[in-house]
**Q** 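Just dropping this structure here.
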Amino acid sequence: MNRAAPDNARGTANSLPVPVNVLIVGSGGREHALAWKIARSTRAGKIFCAPGNAGTSALGENVAIPADDIPALLAFAKSRDIGLTVVGPDDSLAAGIADAFEADGLKIFGPNASAARLESSKAFAKDFMRRHGIPTADYQEFTDSAAAREWCRAAKYPLVIKADGLALGKGVVIAESPEAAADAIRQCMDDRIFGDAGKKIVVEEFLHGEECSIHALVDGTSYLLLPDCRDHKRAFDGDLGPNTGGMGTICPSGSISAPLAALVKSDILDRFLAGIRADGLAFRGMLFPGVMLTADGPKVLEFNCRWGDPETQSLVRRLDSDLLDLLEACADARLASLSPLWSDGASACVILASGGYPGTYEKGKPISGLDRVSDPCVVFHAGTKSDPGGGAILTNGGRVLGVTATGSDLHEARARAYAAADMITFDGLQRRNDIGAAK
Ligand code: AMP
Ligand code: GLY
């Protein structure tokens, strides 16, 4: 008897999966990790990265379009029959890349500009959290620097001063005294060291506790919680030195018990979902709240509307399911039908950075030892490029490589990641030796 195949019969015995061409926007370790995992999908067609790095060029084709050139990215996606565009960086989302693609009927993973304001404006995010009962630090917002300084005179210290807008991760100052707060306010609001991102500030209560990176795919009507991670934000061992984009991650973090995970769901993610629905925010993409585990329960430090970097590098190593399926389901608001599988055990990512990062550093140093790393270790490239004159891979940024490994537990994963990291060298290499070490 002949039976009509269901509409969405993909990859059944009689029909081969239709390959999906994927465009990944960005050039960091996060984007290489996403490309690597998507390339393992049986449905992946051609993979393009704009602009990509030396690692992504080995998985697909790098396209010389900057991540913020939305018209050029859109034209490229249309010309190459791109079935899914996956956006890495926050500023492309804040600039409305998802709006532009959706207006043209193209599928894209990442929230539109209105929803991405939850990351691109801290005042907007704090107001959202306050109105929807999501636990976070008490705060005030200011648009007048004299009023901000006046308020800070009588405040309790330490106090946290945040530029409202996107400031490349540098817009947060922990002030220990009214003088330090006044300095931070002057630099941000009067001197405008972050440009217009500092026109407005949020001043908030300092929270004590351990930090944890939570990731949840959100499709507007449901969410899927991913395993928790710990980032190591300071440049040097022992959590010393300046804040960076992240010097390494472990997954799981080791700090989220089952009761705490239940609280993260009930107090943060359930309320987030109810909040976006009440406010009419069409959020489809990754929600990555930075969370402080305080004595009063988990509190949100900030919302990111994108995958973390280097959290993604650790997460993809533990994902056993098809990432392309997950990202498409999120973009199509079909998340509720999926239950992705994660490997038991742990993963770790150790960042190899250029000497001087997060301050000034040199580029163009040849990297050696990459070919010595093999399974179960994978090196994700961040600031790298191929030497135009030969086969060498050169450093091309602050964070250069993310060396990842999986293991049956954290101890094994970090031992393997460091053994692989020891094989790689370049002039000026800087790394932390305590990623995932017991405190
Ligand atoms: P944010 O970009 O808001 O996550 O802030 C960057 C970093 O500053 C966070 O990862 C924390 O380490 C720290 N931080 C931000 N807000 C607070 C707070 N209210 N209390 C303590 N530390 C904070
Ligand atoms: N690793 C922290 C972030 O991506 O914001």
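As the structure lists them, so they are numbered: ligands from 1, and atoms in each ligand from 1. Both backbone and side-chain heavy atoms feed into the values below; hydrogens, waters and symmetry mates do not.
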**Q** Within ligand 1, which atoms have a heavy atom of Lys162 less than 4.0 Å away?
**A**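 Those of ligand 1 that fall under 4.0 Å from Lys162 are 3 (O), 15 (C), 16 (N).
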**Q** Using a 6.0 Å distance limit plus a 45 degree cone around the ring axis, check whether Arg40 lies over the aromatic ring of Trp36.
**A**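 Yes, Arg40 and Trp36 form such a contact.
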**Q** Please confirm whether Phe288 comes under 4.0 Å of ligand 2, counting heavy atoms of the residue only.
**A**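 Within the 4.0 Å threshold, so yes.
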**Q** Has ligand 2 got any nitrogen or oxygen that is less than 3.5 angstrom from a nitrogen or oxygen of Asp231?
**A**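 Yes; at least one N/O pair falls below 3.5 Å.
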**Q** Okay, side chain of Thr395, backbone of Lys365: is any donor-acceptor separation there less than 3.5 Å?
**A**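 Answer holds: yes.
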**Q** Any N or O on Asp309 sitting closer than 3.5 Å to an N or O of ligand 2?
**A**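 N/O-N/O distance under 3.5 Å: yes.
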**Q** Does Arg306 come within less than 4.0 Å of ligand 2, judged by its heavy atoms?
**A**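 Within the 4.0 Å threshold, so yes.
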**Q** Checking the N or O distance criterion of under 3.5 Å, is ligand 1 in contact with Asn243?
**A**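 No, no N or O pair falls under 3.5 Å.
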**Q** Pairs of nitrogen or oxygen atoms closer than 3.5 Å, one from Gly246 and one from ligand 2: do any exist?
**A**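 Among all N and O atoms of Gly246, none is under 3.5 Å from an N or O of ligand 2.
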**Q** Is the backbone N or O of Asp279 less than 3.5 Å from a side-chain atom of Arg131, with the two atoms forming a donor-acceptor pair by type?
**A**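 No; judged by distance alone, with no hydrogens or angles, the pair does not exist.
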**Q** Check if Met292 has a non-hydrogen atom at a distance under 4.0 Å from any atom of ligand 1.
**A**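 Within the 4.0 Å threshold, so yes.
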**Q** Less than 3.5 Å between some nitrogen or oxygen of Ile174 and one of ligand 1, yes or no?
**A**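 Between Ile174 and ligand 1 (N or O atoms, distance only) the closest approach is not under 3.5 Å.
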**Q** Return the closest protein heavy atom for atom 17 (C) of ligand 1 as residue, atom name and distance.
**A**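 In this structure, atom 17 (C) of ligand 1 has Leu301 CD2, 3.4 Å as its nearest protein heavy atom.
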**Q** From Thr136 OG1 over to Leu301 CG, what is the distance, rounded to the nearest 0.5 angstrom?
**A**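 Nearest 0.5 Å value for the OG1-CG distance: 7.0 Å.
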**Q** In the protein, which heavy atom is nearest to atom 19 (N) of ligand 1, and how far is it?
**A**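 The protein heavy atom lying closest is Glu204 OE2, 2.7 Å.
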**Q** Can you check whether Glu311 has an N/O within less than 3.5 Å of an N/O in ligand 2?
**A**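 Glu311 vs ligand 2: N/O contact under 3.5 Å present.
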